[in-house]
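What follows is a single structure, written as structure tokens, with notes after it.
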4 protein chains.
Amino acid sequence: MFELDVRSRKPIYEQLVERLKELIITEVLTADEQLPSVRTLAHQLTINPNTIQKAYRELESQGYIYSIKGKGSFISPATPNLNSEKIEKVKNELSKLLSEAIYLGITKDELFKMIQELEAAIGGGVEDDQNP
Amino acid sequence: MFELDVRSRKPIYEQLVERLKELIITEVLTADEQLPSVRTLAHQLTINPNTIQKAYRELESQGYIYSIKGKGSFISPATPNLNSEKIEKVKNELSKLLSEAIYLGITKDELFKMIQELEAAIGGGVEDDQNP
Amino acid sequence: MFELDVRSRKPIYEQLVERLKELIITEVLTADEQLPSVRTLAHQLTINPNTIQKAYRELESQGYIYSIKGKGSFISPATPNLNSEKIEKVKNELSKLLSEAIYLGITKDELFKMIQELEAAIGGGVEDDQNP
Amino acid sequence: MFELDVRSRKPIYEQLVERLKELIITEVLTADEQLPSVRTLAHQLTINPNTIQKAYRELESQGYIYSIKGKGSFISPATPNLNSEKIEKVKNELSKLLSEAIYLGITKDELFKMIQELEAAIGGGVEDDQNP
DNA sequence: GTGGTCTAGACCACG
DNA sequence: GTGGTCTAGACCACG
């Protein structure tokens, strides 16, 4: 479930954050579901608990999970509360990456198809249309 | 031309790489054009020459520029080698970022529009169509 | 009456303390009124009795309620003992928070208005004036 | 300059965050001024560097300082960029604390005076009036 | 020299 | 049992 590459340039905690975001976005993990405890996951991945905690804290500050002292860590309900700052940041990153993709010869059609498929897989957090 | 943000969390050499990619993608810098020398640019930006060199090396390994010993660094012609490995990597990153965008409520239509606009601005390195 | 947020970072006993203080300050709960017993409230809120007890103990030490062994817990009369130590502590906290508010751009006028409204809502535990 | 109470219930890193905020708000530390390095401050206060780093990171995420890898940590310029979420949070805390103050018998006049003095000391981040 | 990541491990607060 | 704080100390990336 969590494939970590300890040799990667990418810090372990960032890899964890990415992977967990992915599982949340694709609704493999759903609202209020409990995550493995810091210690349990640390043991499973043979990683230091502090590193797990760092990942959980980052996810919490990004609004993807919430942690309760003495109880555990849980998936946050999907937030249609438009964090406009965060949206701007993602749009900005997208702009750069899409430009590079187009430059590398990935066609508009391929990109459109990619979006269609991703949206289908995710289920679309917010509907484009009123009548489903 | 190179606006670096010394306050940014992003390392300076990464900012340089990004900025140069942008100038190449938007064809402000064109094929076989010579880049300023490491020392010249370092002096202009009042930045350590090692930092410039690191950025140039990164751009070279990504196929955006090439260096000739004793002559200097130059912009590579577009879609240097249809590096399929690189394309896979960018698609992979795009997949993650697009998923997050959709999750945050950015609509399919907004994404389509974004792509249209970027393609128009870039002029499309490679045509969508078979007959050029 | 007691809306607890189990997802909050704030411990449940602290939420209880805050909420009870609020009810006392706004005179929803009045002097010498009896509070629900630890067990009753624990059952109502489906919370561990130890948590309720901890909240009651904290309120007692802050002078907001008093307990009689074998009888129960009761609301203390207003301005229990003009505890100057407590007043100093609150002033100290206020000083920090007001400074931050001003720094963040909240205007003096907004703050004045806030105080006016709060005082009106509370009814002013103690009069501004010397002659009651 | 930094008086820490290691026996306090308040974590050391939070005490540090508070103290540094105070120094920034009162403009003892000014924009782009460099903070002591993590190691230097750790040594001065005989505290573990990780604890200092935790405090610095918290201040960074709150927008009070910025850190550059390899360079150091610096005071952020005052941000009239209304972080509305943060403002709401501070207003909310203020509301509770002001209510308690009024309940404890601190008069409206005392509170007004407090605000006046604080604003004078700080210099008022944003002016109430157009003509200074 | 600077901040950032990570480990190993202790102790505390909450419930 | 859970997350949170803290120490001691190693090694890395940036410049």
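Each chain gets a letter, A, B and so on, in the order the sequences are listed, and its residues count up from 1.
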Rounded to whole angstrom units, what separation is found between the CD atom of D:Glu58 and the P atom of F:dC6? 12 Å
So, OP1 or OP2 of E:dT5: does either fall under 4.0 Å of a side-chain N or O from A:Lys54? yes
Atom-pair distance (CD on D:Gln53; P on F:dG9), nearest Å: 17 Å
Of A:Thr51 and C:Lys10, the one whose closest DNA chain E nucleotide lies more 5': A:Thr51
If I compare all heavy atoms of B:Pro49 with all of B:Ala42, which pair ends up nearest, and what's the gap? CA-CB, 3.7 Å
For a quick test of reading the model: is some side-chain N or O of A:Ser73 closer than 4.0 Å to OP1 or OP2 of F:dG3? yes
5′-ward residue of the pair D:Pro11/D:Lys71 relative to DNA chain F: D:Pro11
Taking side chain as C-beta onward, heavy atoms only, is C:Tyr56 less than 4.5 Å from C:Leu16? no
What is the distance from CD of D:Gln34 to C1' of E:dT2, rounded to the nearest Å? 9 Å
Selection from E:dG4, E:dT2, F:dT5 that lies nearest to any side-chain heavy atom of D:Arg57: E:dG4
Between F:dT2 (C1') and A:Ile68 (CD1): distance, integer Å: 11 Å
Considering only side-chain heavy atoms of A:Lys69, which listed nucleotide, E:dT7, F:dC6, F:dG4, is closest? F:dG4
Nearest listed nucleotide, side chain of D:Arg9, among E:dC6, E:dA13, F:dG4: E:dA13
Round to a whole Å and report the spacing from CD1 of A:Ile65 to P of F:dG3. 9 Å
I need the single residue from A:Lys86, A:Lys89, A:Lys91 that forms a salt bridge (Lys or Arg N to Asp or Glu O under 4.0 Å) with B:Glu100. Which is it? A:Lys86
Contact class for C:Ile47 (heavy atom, under 4.0 Å): base, sugar-phosphate, or nothing? nothing
Of the nucleotides E:dG4, E:dC6, E:dG15, which has the atom closest to the A:Ile12 side chain? E:dC6
Could you give the OH-to-P distance, from D:Tyr13 to F:dG3, as a whole number of Å? 16 Å
Please test B:Asp5 against B:Lys10 for salt bridge (Lys or Arg N to Asp or Glu O under 4.0 Å), starting from the C-alpha separation and ending with a verdict. CA-CA 9 Å; B:Asp5 179 3; B:Lys10 197 165 288 183; over 6 Å; no
Describe the nucleic acid contact of D:Tyr56 in one word from base, sugar-phosphate, nothing, applying a heavy-atom distance below 4.0 Å. nothing
How long is the line joining CG of A:Asn48 and C1' of E:dT5, in whole Å? 11 Å
For B:Ile65 and B:Ile24: C-alpha separation, side-chain torsions, deciding distance, then whether side-chain contact (heavy atoms from CB on, under 4.5 Å) applies. CA-CA 9 Å; B:Ile65 71 173; B:Ile24 294 167; 4.1 Å; yes
Go through the N and O atoms of the side chain of A:Arg39 and the base of F:dG3, and report whether any donor-acceptor pair is under 3.5 Å. yes
Is it true that, when you exclude A:Lys96 itself, more than 12 heavy atoms of the residues, nucleotides or ligands shown sit nearer than 6.0 Å to its NZ? yes
Base-pairing mate for F:dC14 - Watson-Crick or G-U, with both contacts under 3.5 Å: E:dG1
Checking all strands, does B:Asn50 fall into the base, sugar-phosphate, or nothing category for heavy-atom contacts under 4.0 angstrom? nothing
Whole-Å distance, D:Phe74 CZ to E:dG3 P, equals 8 Å
